[in-house]
Amino acid sequence: MTEKIALTPSTHTTPPAKFSHGVKKGNLLQVAGQVGFLPAEEGKAPTPAGPTLREQTLQTFANVKAILEEGGATWDDVMMMRVYLTDVDHFAEMNKIYNEYFEEQGLKAPASARTTVYVGLPAGLLIEIDALAVLG
C-alpha cells in the first residue's frame, strides 16, 4: 500500500476544515481547490490578491503551482484542471489570462484537460482552481 501524504506549502495557511491543500498517493497528486489568497502571514487572516479577476487568477495559479512543487510535480504533470468562476461574464477574460499564463510557463506537454463551471464563493473571491497531476 502506498502512503497518502498531505501537502501544505509554507505559503499556505492551515485549511479551515479537515482537508488538505494537496494529497499525494503513489504517482497521483490532487490539488484541492485554491483561490487567490496572498501567501500566508503569521497572525493575519487570508487576503485576496486584489479585487480583479486577473490579480486573483494569477495568484490562484501561484497557489496551485506551490502545491504541485511541494509534491514534486510541475504544470507538465497536470492532466486535469477545474476552474470555478462566480460570474459567467468572466469566462472570456479568464480564458485570455489562462492562455497567456500557460504560454509564459513554456509547457512541454500538451495542455491539460479542463472543465469550467459557475459557483458561489465567499464574498470577494472570483475564481477557484483545482488540479490533478500524474507523476512519472
Side-chain angles (χ1 to χ4, degrees):
M1 279 268 173
T2 305
E3 180 183 6
K4 184 166 70 170
I5 302 166
L7 305 170
T8 302
S10 61
T11 53
H12 288 57
T13 60
T14 301
K18 191 158 180 66
F19 67 88
S20 300
H21 286 294
V23 176
K24 182 177 175 182
K25 185 169 183 175
N27 69 337
L28 295 178
L29 190 162
Q30 176 66 55
V31 177
Q34 299 296 300
V35 295
F37 285 144
L38 293 168
E41 289 184 41
E42 181 98 21
K44 189 174 177 186
T47 306
T52 70
L53 182 64
R54 174 170 287 282
E55 291 166 313
Q56 289 191 27
T57 301
L58 294 176
Q59 185 61 53
T60 299
F61 283 141
N63 294 342
V64 171
K65 185 177 181 183
I67 297 166
L68 291 171
E69 290 174 348
E70 184 83 5
T74 70
W75 287 117
D76 283 315
D77 298 310
V78 174
M79 298 295 295
M80 178 66 181
M81 289 182 39
R82 283 170 290 272
V83 177
Y84 307 91
L85 294 172
T86 59
D87 188 335
V88 69
D89 291 335
H90 288 160
F91 186 75
E93 181 183 359
M94 183 277 299
N95 272 337
K96 183 176 185 286
I97 298 163
Y98 188 100
N99 289 340
E100 289 170 357
Y101 177 83
F102 285 108
E103 283 174 18
E104 290 171 7
Q105 297 302 303
L107 295 183
K108 298 175 207 130
S112 67
R114 191 186 93 191
T115 298
T116 304
V117 297
Y118 303 98
V119 299
L121 291 173
L125 294 175
L126 305 174
I127 187 168
E128 181 173 343
I129 298 173
D130 70 43
L132 175 66
V134 179
L135 304 163

Return yes when atom CE of Met80 has more than 12 non-hydrogen atoms of other residues, nucleotides or ligands closer than 6.0 Å, and no otherwise. yes

Side chains of Trp75 and Leu68 in contact at under 4.5 Å (non-hydrogen atoms): yes

Find out if a path of hydrophobic residues (ILVMFWY) with successive side-chain heavy-atom gaps under 4.5 Å connects Phe102 to Tyr84. no

For Leu135 and Ala73, which heavy atoms make the closest approach, and how far apart are they? CD2-CB, 3.3 Å

Between Thr116 and Arg114, do the side chains contain a donor N or O and an acceptor N or O under 3.5 Å apart? yes

Are Thr86 and Ile127 side-chain neighbours, meaning at least one heavy-atom pair lies under 4.5 Å? no

Less than 4.5 Å apart, side chain to side chain, heavy atoms only: is that true for Leu7 and Leu29? yes

Pairwise side-chain contact, Met94 with Leu85, heavy-atom cut-off 4.5 Å (strictly under): yes

Look only at the side chain of Gln56 and the backbone of Gly124, and say whether a donor-acceptor pair between them is shorter than 3.5 Å. yes

Would you indicate whether the side-chain heavy atoms of Met79 and Ser112 approach each other to under 4.5 Å? no

Hydrophobic cluster membership, Phe91 vs Leu121, 4.5 Å side-chain cutoff: no

Scanning both residues in full, the closest heavy-atom pair of Thr11 with Ala66 reads OG1-CB, 3.8 Å

Residue among Glu55, His90, Arg54 satisfying side-chain contact (heavy atoms from CB on, under 4.5 Å) with Leu126: His90

Quiz question: by atom type and distance under 3.5 Å, do the side chains of His12 and Gln34 form a donor-acceptor pair? yes

Side-chain heavy atoms under 4.5 angstrom apart, residues restricted to Ile, Leu, Val, Met, Phe, Trp, Tyr: same cluster for Val134 and Leu107? no

Val78 and Ala131 have their tightest heavy-atom pair at CG1-CB, 4.2 Å

Please lay out, stage by stage, how Asn99 and Glu103 fare under the test side-chain hydrogen bond (donor to acceptor under 3.5 Å, both in side chains). CA-CA 6 Å; Asn99 289 340; Glu103 283 174 18; 5.8 Å; no

If you take all heavy atoms of Ala49 and Gln59, which pair is closest and at what distance? CB-CB, 3.6 Å

Is it true that Met81 and Leu58 fall in one hydrophobic cluster, defined by side-chain heavy atoms closer than 4.5 Å? yes

Evaluate the side-chain proximity of Phe37 to Thr47: yes if any heavy-atom separation is below 4.5 Å, no if none is. no

With a 4.5 Å limit on heavy-atom distance, are the side chains of Pro48 and Leu125 in contact? yes

Hphob cluster co-occupancy, Ile129 + Val88, side-chain heavy atoms under 4.5 angstrom: yes

Rounded to the nearest 0.5 Å, how far does CG of Leu53 lie from CG of Asp89? 11.0 Å

Side-chain touch Thr57/Tyr98, heavy atoms, less than 4.5 angstrom: no

Rounded to the nearest 0.5 Å, the CG atom of Asp130 sits from the OG1 atom of Thr115 at a distance of 9.5 Å

Which pairs of donor and acceptor atoms, one on a side chain in residues 14-25, lie under 3.5 Å apart (sequence neighbours left out)?
unit_1, atom_1, unit_2, atom_2, d
His21, NE2, Thr13, O, 2.7
Lys24, NZ, Gly71, O, 3.0

